[in-house]
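Each remark here refers to the structure printed beneath this line.
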Amino acid sequence: MPELPEVEVVRAGLVPALAGARLDAVTVLDARSLTRHPGDARDFEARLTGRRVDAVVRRGKFLWMPLADAGAEPIEAIVGHLGMSGQMLLREPGTPTLRHERIRFDVRHPTHGEIAMVFVDQRTFGSLAIDRLERTPDGAAAGRGSDIPLVPTQVAHIARDPLDPAFDDRAFRTALGRTRSAVKRALLDQTVVSGIGNIYADEALWAARLHPERPANELPTRAVTRLLGEVRAVLDRALAEGGTSFDAQYVNVNGQAGYFAHSLNAYGRTGQPCPRCGTPIVRVSFTNRSSHYCPRCQRR
DNA sequence: ACTCTGGCCTGTGAGC
DNA sequence: TGCTCACAGGCCAGAG
């Protein structure tokens with residue numbers, strides 16, 4: 001469950017090695033990581049070999065690398081989603097096959113030299129694909145990492161994330177006002193706001209003192225504004241600490257974990273005292289996953 | 001039109 | 001010791 005901060009750590013880590021680099025070779029070891037690619041493994045390898053990567057861009061939890069097109073703007077990109085357990089690692093060229101390695105790119109950068117970019121994914125919920133780029137409806141940059149207003153078709157349907165300068169606060173408030181769904185469900189809906197997963201949803205709701213199952217359209221505008229502020233605050237803090245890590249799955253491009261797990265107030269703290277009032281945090285089942293909240297600070 | 005559920009996956013660890 | 005099983009949960013297709 002890498003969420004926005006973890007994916008941003010990966011994006012920033014890839015930039016020096018990948019932006020402007022050439023893909024000398026592409027090797028697919030497990031085609032299950034290509035479920036969102038329209039062709040087969042050979043097609044993926046053949047279409048990428050020899051191409052040059054322009055940039056590494058992120059919106060929400062999606063990453064993409066626009067492919068350079070001589071003298072023109074790029075028309076396609078490698079799109080990636082880490083799913084629950086995906087990692088994008090940088091290793092010395094020729095590094096032996098890693099555990100759960102799915103796809104390897106042998107990369108050559110004009111100034112930084114050769115490196116291996118390895119897609120590792122234990123649970124194979126993640127995927128890579130080649131996708132066409134289309135124009136953003138608002139004309140703004142499509143995501144963090146590039147000024148170009150081109151977004152992969154597979155990413156176009158999701159909302160911008162709350163750290164995106166072009167995020168539409170008013171559209172977010174409108175969307176919440178329009179649904180009777182639980183506010184947590186709305187936070188996890190990537191078409192409403194992207195980048196938030198179970199961890200940061202629980203953390204933002206705790207900070208805003210909102211019960212996860214409050215119907216979204218019953219929240220006063222003031223509460224929605226407060227919630228959005230807390231979403232941004234928790235994402236910013238996690239980013240500053242290099243992301244959250246609960247097990248070995250959430251790592252930067254060098255395989256190192258972040259520190260934000262030490263800063264969590266609600267998520268994963270079942271039975272431990274709420275840092276605000278001391279009441280034990282409770283855990284309830286919620287749409288096939290868990291919600292953690294303080295029953296005293298976060299009243300329904 | 002909107003809302004919600006199930007299925008895709010595999011490693012880990014608790015419990016017997 | 002070795003087995004089973006619940007759990008982690010983002011995303012999307014399809015059901016309701």
Side-chain angles (χ1 to χ4, degrees), chain A residues 1-8 10 29-38 58-64 79-88 98-103 119-129 131 151-159 161-162 171 174-205 212-218 231 235 238 243-251 255 257 260-261 264 266-271 282-293:
Chain A
M1 75 198 127
E3 304 182 30
L4 187 156
E6 293 77 35
V7 181
E8 176 57 22
V10 171
L29 286 84
D30 192 332
R32 288 179 301 176
S33 293
L34 295 179
T35 47
R36 304 180 68 160
H37 178 66
R58 179 195 56 76
R59 175 188 292 193
K61 306 172 201 173
F62 279 92
L63 279 176
W64 68 91
V79 187
H81 196 294
L82 301 178
M84 282 198 54
S85 55
Q87 305 175 351
M88 201 59 103
L98 305 179
R99 188 163 160 80
H100 303 307
E101 174 169 342
R102 310 298 184 195
I103 298 174
F119 181 63
V120 169
D121 189 9
Q122 173 197 107
R123 278 165 261 187
T124 68
F125 277 26
S127 67
L128 298 183
D131 191 19
V151 63
T153 64
Q154 293 180 15
V155 185
H157 69 287
I158 74 164
D161 63 65
T174 306
L176 261 62
R178 241 201 280 270
T179 179
R180 291 185 304 280
S181 295
V183 59
K184 178 167 175 182
R185 180 179 278 278
L187 283 182
L188 294 174
D189 183 342
Q190 304 295 302
T191 67
V192 171
V193 53
S194 66
I196 304 171
N198 207 37
I199 296 174
Y200 297 114
D202 280 0
E203 289 301 303
L205 288 165
E213 289 174 45
R214 284 274 296 275
N217 65 353
E218 286 179 13
V231 165
L235 293 177
T244 300
S245 101
F246 273 95
D247 57 38
Q249 304 307 322
Y250 322 127
V251 297
F260 193 70
L264 295 173
Y267 183 87
R269 299 192 67 250
T270 312
V282 299
R283 171 184 172 276
V284 298
S285 175
F286 175 83
T287 61
N288 286 334
R289 62 201 62 171
S290 304
S291 283
H292 310 76
Y293 65 97

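Everything numeric in this text was worked out from a predicted model, so none of it was measured. So you know, we letter chains A, B, ... as the sequences are listed, proteins then strands, and number each from 1.
Whole-Å rounding puts the A:Lys184 NZ to B:dC4 C1' distance at 16 Å. Rounded to whole Å, atom P of C:dG10 lies 16 Å from atom CG of A:Asp161. C:dA6 atom P lies 13 Å from atom CZ of A:Arg283, rounded to whole Å. When rounded to the nearest whole Å, the span between CD of A:Glu213 and C1' of B:dC4 equals 14 Å. Look at CG on A:Asp189: it is 12 Å from C1' on C:dG10, rounded to the nearest Å. One can place CG of A:Asn217 at 9 Å from P of B:dT3, the figure rounded to the nearest angstrom. The separation between A:Leu63 atom CG and C:dG10 atom C1' is 14 Å, rounded to whole Å.
For C:dA8, one of the phosphate oxygens OP1 or OP2 lies less than 4.0 angstrom from a side-chain nitrogen or oxygen of A:Ser290. Checking the phosphate oxygens (OP1, OP2) of B:dC4, a side-chain nitrogen or oxygen of A:Ser181 falls inside 4.0 Å.
With sequence neighbours excluded, the residues forming a side-chain hydrogen bond (donor to acceptor under 3.5 Å, both in side chains) with A:Thr179 are A:Ser181, listed by chain and number. For A:Asp121, the salt bridge (Lys or Arg N to Asp or Glu O under 4.0 Å) criterion is met by no residue, not counting sequence neighbours. For the side-chain hydrogen bond (donor to acceptor under 3.5 Å, both in side chains) test, residues two or more places apart in sequence or in another chain that qualify with A:Asp30 are A:Arg32, A:Arg102.
Here the side chains of A:Leu128 and A:Ser33 are not in contact, with every heavy-atom distance at 4.5 Å or above. Looking only at side-chain heavy atoms (C-beta outward), A:Trp64 and A:Val155 come within less than 4.5 Å of each other.
We find that A:Arg58 and A:Asp161 are joined by a salt bridge, their nearest charged nitrogen and carboxylate oxygen being less than 4.0 Å apart.
In this structure, A:Ser290 contributes its side chain and A:Arg283 its backbone to no donor-acceptor pair below 3.5 Å. Under a 3.5 Å cut-off, the side chain of A:Gln190 and the backbone N or O of A:Gly195 do form a donor-acceptor pair. Between the side chain of A:Asp131 and the backbone N or O of A:Gln154, at least one donor-acceptor pair lies under 3.5 Å.
Of the residues near DNA chain B, A:Arg99 and A:Arg185, the one whose nearest nucleotide (by heavy atom distance) lies more toward the 5' end is A:Arg185.
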Nucleotides 8-10 of chain B: which of its N/O atoms have a protein N/O under 3.5 Å away?
unit_1	atom_1	unit_2	atom_2	d
B:dC9	O3'	A:Arg32	NH1	3.4
B:dT10	OP1	A:Arg32	NH1	2.5
B:dT10	OP1	A:Arg32	NH2	3.3

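For the pairing with A:Asn198, the side-chain hydrogen bond (donor to acceptor under 3.5 Å, both in side chains) check across A:Glu203, A:Glu3, A:Lys184 returns one residue only, A:Lys184.
Where the helix from B:dC2-C:dG16 to B:dC16-C:dG2 starts and where it ends, the local axes point in directions that differ by 50°; five pairs per end, rounded to 10°.
For the residue pair A:Pro162 and A:Val231, the shortest heavy atom distance occurs at CG-CG1, 3.8 Å.
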Worksheet entry | Contact pattern, 5' to 3', of nucleotides 11-16 of chain C - B, S or - by protein heavy atom under 4.0 Å | BS----
